[in-house]
Amino acid sequence: MGDVLAGFHAAWEFESDSVLIRYERGIRTPKLFQALGERRVPLEAIAGVTLTPGKRGTVVLRVEPRPGADPLMEAAAGQLKESGDPYRLVLPAERETLAEYYADELRGLLGESGKTERYLVAAPEAPLQFKAYDGKASFDGTSVTFRWSWTGASSAKWKAGDQSFPVADLGGVEWRSPEAFEGYLRLLPRVGEPVAAQVDQDPAAVVFGLGYGPVHESLPFAAAVLAAVRDRGAGSAVPVPAPRRDPADIAERIRHLGELHQQGLVTDEEFSSKKAELLAEL
């Protein structure tokens, strides 16, 4: 096709075998989009196309990636806000007819829609790094390194020392959004290896916090590591158990949650819900 459809925060170029998405770098553009820059989405990576009404006189054109096609979306695991979805193109309502034309054209070119066993959309390129609450994480393409912060790291992490994890020794990555309470990035071992119980005690994990590990830094990082793990044919990730925590630790977390609530950083509903979750772990 070769045509370009420009919307808010991005422009899509329709090619014969792919859709090239170029994100704007304006101040109002979501930081994740700015960090991604541009992404080429092969047609074989697309499961479907939708066009729906948006908010305040807009329409939304969206392509649905096939399961397993994009390491970024696999790492995100459904945690991205709608406004941060890199597969949405928001357009003024007057462009609906044009958007419908491109949607129909795309639908006519699509093939398989099931899960794919290999990534079809390129992951963000290394080197990548970000600052977490309890340390700094870096990835050079072959190894992940965690360097602990004396102000945030637990005694267990200090005792273990700074960590370096070759990709070949990993089975996967678990990312919990920093926009939710108790977000973190955890490296999962290969099958048969032990997993530490609590994230804040696990030398294979960094925890986020207010202002630490933002989505536009930690999610591309997680996606790059995940893609490298699959490229090297690592074994399946070990599922992380839900441990029962020490009562003193639970009490401290509830106290911290209460402080965030008093400061207006956590809503009444979020406070009640998270407090109930913490109490359930006793």
Side-chain angles (χ1 to χ4, degrees), residues 1-26 29-52 54 58-78 80 82-92 95-128 139 141 167 172-173 216 219-234:
M1 289 181 275
D3 296 333
V4 176
L5 183 61
F8 299 109
H9 309 317
W12 290 12
E13 182 174 350
F14 300 92
E15 301 179 347
S16 60
D17 61 351
S18 62
V19 178
L20 178 61
I21 303 176
R22 293 191 176 93
Y23 301 101
E24 295 179 355
R25 297 189 180 276
T29 302
K31 290 184 178 180
L32 176 60
F33 295 0
Q34 297 183 49
L36 294 175
E38 69 176 41
R39 310 195 81 205
R40 184 176 298 278
V41 184
L43 297 183
E44 63 176 326
I46 300 175
V49 186
T50 60
L51 181 65
T52 57
T58 63
V59 293
V60 179
L61 178 64
R62 186 180 190 276
V63 295
E64 176 69 32
R66 291 173 59 188
D70 184 355
L72 187 86
M73 301 305 285
E74 186 167 335
L80 287 177
E82 187 178 72
S83 60
D85 183 348
Y87 286 95
R88 295 173 78 247
L89 180 65
V90 182
L91 302 141
R95 296 189 187 177
E96 181 175 5
T97 300
L98 184 60
E100 184 61 57
Y101 165 77
Y102 286 115
D104 287 340
E105 289 288 303
L106 273 179
R107 292 186 189 108
L109 296 173
L110 300 184
E112 296 183 39
S113 60
K115 180 178 176 60
T116 173
E117 297 304 317
R118 63 187 181 90
Y119 291 132
L120 302 172
V121 181
E125 295 184 357
L128 294 164
F139 178 52
V167 166
V173 177
H216 69 282
L219 180 57
F221 186 105
V225 176
L226 195 60
V229 169
R230 180 173 289 188
D231 285 347
R232 292 181 182 275

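Keep in mind that what you see is a predicted model, and the values were worked out from it rather than measured. These numbers come from the heavy atoms of this one structure, side chains and all, not from hydrogens, waters or symmetry mates.
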Show the numbers, then the answer: is there a side-chain contact (heavy atoms from CB on, under 4.5 Å) between Asp104 and Glu100?
-> CA-CA 6 Å; Asp104 287 340; Glu100 184 61 57; 3.1 Å; yes
Starting from the C-alpha separation in whole Å, work towards a yes-or-no answer on side-chain contact (heavy atoms from CB on, under 4.5 Å) for Gln34 and His216.
-> CA-CA 8 Å; Gln34 297 183 49; His216 69 282; over 6 Å; no
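To the nearest 0.5 Å, atoms CG (Asp3) and CZ (Phe14) are separated by 8.5 Å. Interatomic distance, Thr29 OG1 to Arg25 CZ, rounded to the nearest 0.5 Å: 9.5 Å. The distance from atom CG of Leu61 to atom OG1 of Thr52, rounded to the nearest 0.5 Å, is 9.0 Å.
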For residues 38-45, tabulate all N or O donor-acceptor pairs below 3.5 Å that involve a side-chain atom, not counting sequence neighbours.
{"unit_1": "Glu38", "atom_1": "OE1", "unit_2": "Arg22", "atom_2": "NE", "d": "3.4"}
{"unit_1": "Arg39", "atom_1": "NH1", "unit_2": "Asp70", "atom_2": "OD2", "d": "2.7"}
{"unit_1": "Arg39", "atom_1": "NH2", "unit_2": "Asp70", "atom_2": "OD1", "d": "3.0"}
{"unit_1": "Arg39", "atom_1": "NH2", "unit_2": "Ala122", "atom_2": "O", "d": "3.4"}
{"unit_1": "Arg40", "atom_1": "NH1", "unit_2": "Glu15", "atom_2": "OE1", "d": "2.4"}
{"unit_1": "Arg40", "atom_1": "NH1", "unit_2": "Ser18", "atom_2": "OG", "d": "3.1"}

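Residues Pro124 and Phe221 have side chains not in contact (no heavy-atom distance under 4.5 Å, counting atoms from C-beta outward). Looking only at side-chain heavy atoms (C-beta outward), Val59 and Leu91 come within less than 4.5 Å of each other. Considering only heavy atoms from C-beta on, Tyr102 stays 4.5 Å or farther from Val49 through its side chain. Counting heavy atoms from C-beta outward, Pro220 and Leu32 have side chains that approach closer than 4.5 Å. Between Tyr119 and Arg230 there is a side-chain heavy-atom pair separated by less than 4.5 Å. Between Val90 and His9, the closest side-chain pair of non-hydrogen atoms is not below 4.5 Å. Taking the side chain as every heavy atom from C-beta outward, Leu72 and Leu36 approach each other to under 4.5 Å.
With sequence neighbours excluded, the residues that form a salt bridge (charged side-chain N to carboxylate O under 4.0 Å, His left out) with Glu64 are Arg62. Listed by chain and residue number, Phe33 satisfy the ring-ring contact (aromatic ring centres under 6.0 Å, His included) test with Tyr23 (two or more places apart in sequence, or in another chain).
Between Arg66 and Ile46 the shortest heavy-atom distance is CG-C, 3.8 Å. Of all heavy-atom pairs spanning Ala75 and Leu219, the tightest one is CB-CD1, 3.8 Å. Here the shortest heavy-atom pairing between Ala123 and Ala223 reads CB-O, 3.9 Å. Listed here is the closest heavy atom pair of Glu96 and Leu51: O-CD2, 3.8 Å. Taking each heavy atom of Tyr87 and Val121 in turn, the nearest pair found is OH-CG2, 3.7 Å. The shortest heavy-atom contact between Ile21 and Pro86 is CD1-O, 3.9 Å.
Within a 6.0 Å sphere centred on CD of Glu112, heavy atoms belonging to other residues, nucleotides or ligands number 12 at most.
Not a single donor-acceptor pair under 3.5 Å links the side chain of Arg88 to the backbone N or O of Val60.
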